[in-house]
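Heads up, the thing below is written out as structure tokens.
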Amino acid sequence: MEASQRQLIRLGETNRQEVIVVVDGRNVGALEGDTLLTAVLVQAGRLRVSEFGDGSRAGFCLMGACQDCWMWTADGRRIRACTTFVAPGLSVLTYPKEGVWPLPE
């Protein structure tokens with residue numbers, strides 16, 4: 001993840017418990033209560049690359065109404081990063097796993 005071009009900067013609430021999630025096989029530090037979108041964008045310049053070839057995505061509506069922040073679990077389930085809270089053991093991909101996507105929600 002491109003930490004030098006972060007989309008979000010955490011200014012407060014830094015005293016919450018740390019939670020480690022795995023994004024594309026790499027550990028990402030987050031804070032308890034963060035959404036997956038927050039966890040990724042505090043450390044990176046984008047959430048994912050569009051599966052339709054039209055560029056980087058960082059979320060759009062931030063309330064679970066659009067499809068801009070889709071991420072995928074290892075088994076191919078789609079989840080919205082803006083409405084999914086981090087949890088220990090959460091492991092996601094920023095791209096659809098070949099041969100598995102799309103699965104029904």
*Nearest-0.5 Å distance that lies between atom CG in L90 and atom CZ in F85*: 12.5 Å
*Yes or no on side-chain contact (heavy atoms from CB on, under 4.5 Å) for V22 and N27, after CA distance, side-chain angles and deciding distance?*
CA-CA 5 Å; V22 179; N27 288 344; 3.5 Å; yes
*When rounded to the nearest 0.5 angstrom, what distance separates CH2 in W72 from CZ in R78?*
8.0 Å
*Less than 4.5 Å apart, any side-chain heavy atom of T84 and any of M71?*
no
*asked:* For E18 versus G29, what's the shortest heavy-atom pair and its separation?
replied: OE2-CA, 3.8 Å
_So which atom in C69 and which in C82 form the shortest heavy-atom distance, rounded to 0.1 Å?_
SG-N, 3.4 Å
_Nearest atoms (heavy-atom pairs only) where D24 meets Y95_ = OD1-CE2, 3.3 Å
*Please determine if D68 and R80 form a salt bridge, counting it only when a charged side-chain N lies under 4.0 Å from a carboxylate O.*
no
_What verdict does the side-chain contact (heavy atoms from CB on, under 4.5 Å) test give for Q43 and L41, after you've listed the backbone C-alpha separation in whole Å, the side-chain angles of each residue and the deciding distance to 0.1 Å?_
CA-CA 5 Å; Q43 299 185 34; L41 294 182; over 6 Å; no
*Given the rule in the side-chain contact (heavy atoms from CB on, under 4.5 Å) test, do I20 and V28 qualify, once you have shown the distances and angles that lead to the verdict?*
CA-CA 6 Å; I20 301 296; V28 173; over 6 Å; no
*Would a 4.5 Å heavy-atom cut-off, applied to side chains only, mark V86 and T35 as touching?*
no
*Do D34 and V19 touch side chain to side chain, with heavy atoms closer than 4.5 Å?*
no
_Test item: T38 and V40 side chains (from C-beta on) under 4.5 Å apart, heavy atoms_ = no
_Nearest 0.5 angstrom please: R16 CZ to R10 CZ, how far?_
5.0 Å
*Are L31 and L37 connected in a single hydrophobic cluster, I mean Ile/Leu/Val/Met/Phe/Trp/Tyr linked by side-chain heavy atoms less than 4.5 Å apart?*
no
*Determine whether L93 and T73 make a side-chain contact, defined as any pair of heavy atoms from C-beta on separated by less than 4.5 Å.*
no
